[in-house]
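To start, the structure itself, in structure tokens.
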Amino acid sequence: MARTKIKDILLREETGYETTVKGWVRSFRNNQFIALNDGSCMNNLQVVIDLNTDSTLVRMITPGAAVAITGTVLPSQGKGQKVELKASEVTLLGACNPEEYPLQLKNRPSLEYLREIAHLRFRTNTFGAVFRVRHSLAFAIHKFFNDRGFVYLHTPIVTASDAEGAGETFRVTTLPFDHPPRLEDGSVNFEEDFFGRSTNLTVSGQLEAELGAMAFSEVYTFGPTFRAENSNTARHLAEFWMIEPEVAFNDLKDNMDLAEAFIKYLIGYSLEHNREDLEFLAQRLLEEEKQKPQQERSEMGLIEKLEFVLNHQFERITYTEAIEILLQSPAYKKKKFQYDVKWGIDMQSEHERYLVEKHFKKPVIVTNYPAAIKAFYMRQDDDCAPGRETVAAMDILAPGIGEIVGGSQREERLERLEQRMKDMHIPVEEMYWYLDTRRFGTVPHAGFGLGFERIVQFVTGMTNIRDVIPFPRTPKNAAF
RNA sequence: UCCUCCUUAGCUCAGUUGGUUAGAGCACCUGACUGUUAAUCAGGGGGUCGUUGGUUCAAGUCCAACAGGGGGAGCCA
């Protein structure tokens, strides 16, 4: 008999039909009640087996074991569920030695411990919910852009340019690391390497996305990104996924509108399609926060927070206004900030958190940062006072996780771009392909990068980024 | 990379001022019971106290280094 997904049985709420389910045992009570989960949804299906079932088979029904069960769906006699499956045939597909299996429903394994058994953690309620939401968000990203006529562009994972200076790179090579071919001056001869030049894993697909935008008008990338920085935080990974839309003819305001609509769409999509999972995650978060002192607890529950963000305009302020707010803040006057505030500084986490969590209490888009602290490709603002040169940058800061989006209108004027690159010691000749877009039919355009795991964190409420990617890669950790 | 805290049973954690044989709950095993909901009840087994070195008559406990992890910071998405 064809397998029915547990989600469909629970959704149907109909009874009296015969069917087959397959899944993994979460718990087995009373030698009679199996809580069965097949990952299709949060909830388990209660399977009731006959008391006369062969006792050697009954002994094999243990947490983690895989079973196939045929039976009739009936209204449940118990209180915890509407329907249950009365088994007529139970088949053990895969046994699971309970002495060795580390996941038992009645244990309360910590997130840190589950990270060590990441190959099994999908089978827990928490990670089941997190990764169903992650899937939903990934799908919603494609849907959002597809519905708006964007072309999904696959930018390369192996690249030769580190021109953007977005971070430390992982080198890609087939040269023998113990005796690489060398030039006369002792440096490694990359001409003998696989690609005939020094290559690394991509740190961003943006520059290539810009090339696509100059033909398709609107493109987006969504792929793995690699940074070899020795960052040990709850919001950094060495391998993560990034979404980078790039739109011709858009200016900074269009860019903000797109980013805000995008984030709200993702939240709305998840609220609509992952209600059960989000409710579970909200409950989990609530339990976790009970451990914290009152003042550190968040004011809103997870779902309230998502609905709040969905229903309120993001605050939009310039960098200059942000600095002004910080300078006027009680926190600044009481010298609560560890780092000083003045125009020109790169804002520290404490400053961003003050703006987002204390002052505005909602996502904030900060624009027009000082040119000196931003990347070469950002469009230089006109009519700046001397010493106050800014660029058309925008960062979206979200409560709890900080910068979730970084983007800008791009510098489309060839001379100004070349001059800026020279000032910042970026090899102009090597970047001829990038500059060609400014030579051949250049237009104003804008785009941004959104860290996928950060939006998954925001939506699921998971505080550590390592818990929203299946197999996290971080310094000293590439297990599984 | 820096600051800080942590590492004791499969898991979550106690462990007093350095002092006899290392504790609990859950999990696991054995048995009982059977419309349970993290099932319940009775009994049982389970430890190189992260690793290495040091101080001491004596170290889970004090010191150092290293490893791993948490929280914070930097860098960023």
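Lettering of chains follows the sequences in order, A, B, ..., and the numbering in each one begins at 1.
- OP1 or OP2 of B:rA39 sits under 4.0 Å from a side-chain N or O of A:Ser27.
- The phosphate of B:rG74 has OP1 or OP2 within less than 4.0 Å of a side-chain N or O from A:Ser349.
- With A:Phe144 as the aromatic partner, A:Arg148 meets the cation-pi criteria of under 6.0 angstrom to the ring centre and within 45 degrees of the ring axis.
- A:Tyr339 comes within 4.0 angstrom of the backbone, heavy atoms only, and of no base.
- Distance check on atom P: B:rG18 versus B:rA64 gives 16 Å, rounded to whole Å.
- Salt-bridge annotation for A:Arg227 and A:Glu229: absent, with no side-chain N of the basic residue lying under 4.0 Å from a carboxylate O of the acidic one.
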Based on Watson-Crick and G-U pairs with both distances under 3.5 Å, what dot-bracket line describes RNA chain B 5' to 3', crossing pairs as [ ] and inter-strand pairs as |? (((((((..((((.....[...)))).(((((.......))))).....(((((..]....))))))))))))....
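- Of the C1' atoms belonging to B:rG60 and B:rA9, the separation is 14 Å, rounded to the nearest Å.
- Across all strands, A:Pro109 comes closer than 4.0 Å only to sugar-phosphate atoms, never to a base (heavy-atom distances).
- Counting atom types as modelled, A:Glu112 pairs no side-chain N or O with a base atom of B:rG70 as donor and acceptor under 3.5 Å.
- For A:Asn232 against B:rU1, a side-chain N or O and a base N or O form a donor-acceptor pair under 3.5 Å.
- Nucleic acid contact for A:Phe33: base, since at least one base atom lies under 4.0 Å from a heavy atom of the residue.
- Ion pairing between a basic and an acidic side chain is recognised when a charged N comes within 4.0 Å of a carboxylate O; A:Lys253 and A:Asp257 show such pairing.
- No donor-acceptor contact under 3.5 Å links the side chain of A:Glu350 to the base of B:rG72.
- Each of B:rG35, B:rU37, B:rC75 was ranked by its minimum atom distance to the side chain of A:Ser231; first place goes to B:rC75.
- Heavy atoms of other residues, nucleotides or ligands lying less than 6.0 angstrom from NZ of A:Lys361 number 12 at most.
- On the P atoms, B:rC13 is 14 Å away from B:rC6, given to the nearest whole Å.
- Contact check on A:Glu260 versus A:Arg316 returns a salt bridge, with a Lys/Arg side-chain nitrogen under 4.0 Å from an Asp/Glu carboxylate oxygen.
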